[in-house]
Amino acid sequence: MLLSDFPHRRKNLLTNEWMLVSPHRTKRPWQGKQEKTSLETRPAYDPGCYLCPGNERAGGAHNPEYEGTFVFTNDFAALLPESGPEYVTDQPELFQAEPEAGICRVICFSPRHNLSIPRMSKGRVADVVLTWQEEYAELGGSEGINHVQIFENRGEIMGCSNPHPHGQIWANSTVPDIPAKEDSSQARYLATKGRCLLCDYLEAEIAGGERILFMNDSFVVLVPFWAMWPFETMILPREHAGSVLDLNAKARLDLADAMIRLGVRYDNLFSTSFPYSMGLHQMPTTGLDQEHWHWHMHYYPPLLRSATVRKFMVGYEMLATPQRDITPEQAATQLRDQSEVHYLDA
Ligand code: H2U
Ligand code: ZN
């Protein structure tokens with residue numbers, strides 16, 4: 001079977017879930033709408049922004065005059081450090097609930113309101129990576145924290161509340177479902193094959209090459225075989241490592257290089273500030289040995305055909321399984337073909 005010709009399903013090796021690909025629906029040539037370039041008009045400092053240096057936040061706190069990255073506890077945190085009381089019911093099998101404690105933080109990537117990762121310098125983005133390392137180490141080492149989720153929502157369409165470049169961290173006591181699935185898939189693979197799942201996967205992807213966007217000394221950027229979002233990608237470290245804590249100064253710069261180059265390609269694809277949710281999957285901070293973990297980043301962008309035409313995960317996807325028309329290989333080709341000069345600088 002040629003995967004580009006017939007409906008088929010592909011398995012996500014990390015989550016053990018299947019997704020449907022319907023390539024026969026895209027036999028037509030690519031006719032992506034050419035959107036008019038939206039020129040940046042944001043100021044470097046916005047007196048009304050709750051993330052800009054020196055400004056007041058919703059909770060009444062004032063941001064310092066920060067010059068690099070700046071981390072603060074989320075004023076509307078989804079998790080609180082103290083566990084609430086146990087839930088009591090006389091039918092505990094039917095009504096299952098338990099308290100969940102944790103810490104939520106916001107990371108400003110830059111003091112400059114009008115920047116974003118693809119338009120920041122490599123050194124500045126490497127500082128964001130350094131901040132991730134510090135936060136993962138500190139939060140992960142805290143009493144009762146077994147998982148640290150670092151992520152970024154970019155763009156209004158993804159529910160991002162503010163264009164100021166920032167991300168979030170939610171750290172909590174239980175390992176959430178998606179990383180837990182990735183944990184068991186990787187553990188099972190190591191137990192049965194004696195090798196790391198993502199080391200093997202990377203080796204095969206590099207050998208084939210059709211889903212690779214680019215590589216540098218430390219990272220590979222690719223569209224995964226099982227991508228469910230049209231332009232979903234992953235950034236994978238070439239060396240086996242469980243978390244960002246293994247990155248030295250050179251590898252931090254290499255990760256910055258990968259994030260910037262991927263971000264520029266994304267922005268160039270539809271000449272827009274490309275929306276997405278991205279995040280890191282790293283080994284849970286349980287303190288247990290987890291040799292099976294190969295940390296990585298996922299980018300989940302919703303756009304399909306232009307800056308305004310998005311993919312909806314509705315209908316069959318909500319009720320059955322995710323589906324896509326354009327194949328991961330076609331998406332990889334389109335992203336590979338993009339310039340690495342940002343359209344606003346071109
Ligand atoms: P987004 O990444 O989705 O834009 O979220 C930004 C976070 O910033 C959001 O979780 C927090 C919100 O709770 N926030 C503050 O902590 N202080 C504020 O003054 C406004 C927003
Ligand atoms: Zn701002």
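Whatever order the structure lists ligands and atoms in, that order sets their numbers, starting from 1.
- Salt bridge Arg154/Asp267: present, at least one basic N to carboxylate O contact under 4.0 Å.
- The protein heavy-atom contact nearest to atom 8 (O) of ligand 1 is Val106 CG2, 3.7 Å.
- For Asp257 and Arg261, the salt-bridge test passes: some basic side-chain N is under 4.0 Å from an acidic carboxylate O.
- Taking every heavy atom of Asn153 and a limit of under 4.0 angstrom, the matching atoms of ligand 1 come to 3 (O).
- Ionic pairing of Arg10 and Glu329 is present here: one or more N-O contacts between side-chain nitrogen and carboxylate oxygen are shorter than 4.0 angstrom.
- Tested against Asp200, the residues Lys193, His294, Arg195 include a single side chain to side chain donor-acceptor pair (under 3.5 Å) partner, Arg195.
- Atom ND1 is the N, O or S atom of His164 at the shortest distance from the Zn ion (ligand 2).
- The existence of a salt bridge linking Lys250 and Asp254 is confirmed by a sub-4.0 Å separation between a basic side-chain nitrogen and an acidic carboxylate oxygen.
- The protein atom (non-hydrogen) at minimum distance from atom 12 (C) of ligand 1 is Asn74 OD1, 3.5 Å.
- Heavy-atom proximity to Gly159, at under 4.0 Å, picks out these atoms of ligand 1: 3 (O).
- Residue Ala58 has at least one nitrogen or oxygen atom sitting less than 3.5 Å from a nitrogen or oxygen atom of ligand 1, judged on distance alone.
- Nearest protein heavy-atom neighbour of atom 17 (N) of ligand 1: Asp75 OD2, 2.7 Å.
- In this structure, SG of Cys52 and SG of Cys49 enclose an angle of 110° at the Zn ion (ligand 2), rounded to 10°.
- Between Gln168 and ligand 1, at least one N/O pair is under 3.5 Å apart.
- Note on ring orientation: taking the six-membered ring where Trp is involved, the planes of Phe151 and Trp170 are perpendicular (angle over 60°, cut-offs 30° and 60°).
- The nearest N/O/S atom of His113 to the Zn ion (ligand 2) is ND1.
- With ring centers used as reference points, His296 lies under 6.0 Å from His298.
- Nearest protein heavy-atom neighbour of atom 2 (O) of ligand 1: His166 NE2, 2.8 Å.
- With ligand atoms numbered from 1 in the order given, ligand 1 contributes 3 (O), 4 (O) to contacts under 4.0 Å with heavy atoms of Cys160.
- In this pair, Tyr266 and Tyr299 present their aromatic rings tilted. The plane angle is within the 30 to 60° band.
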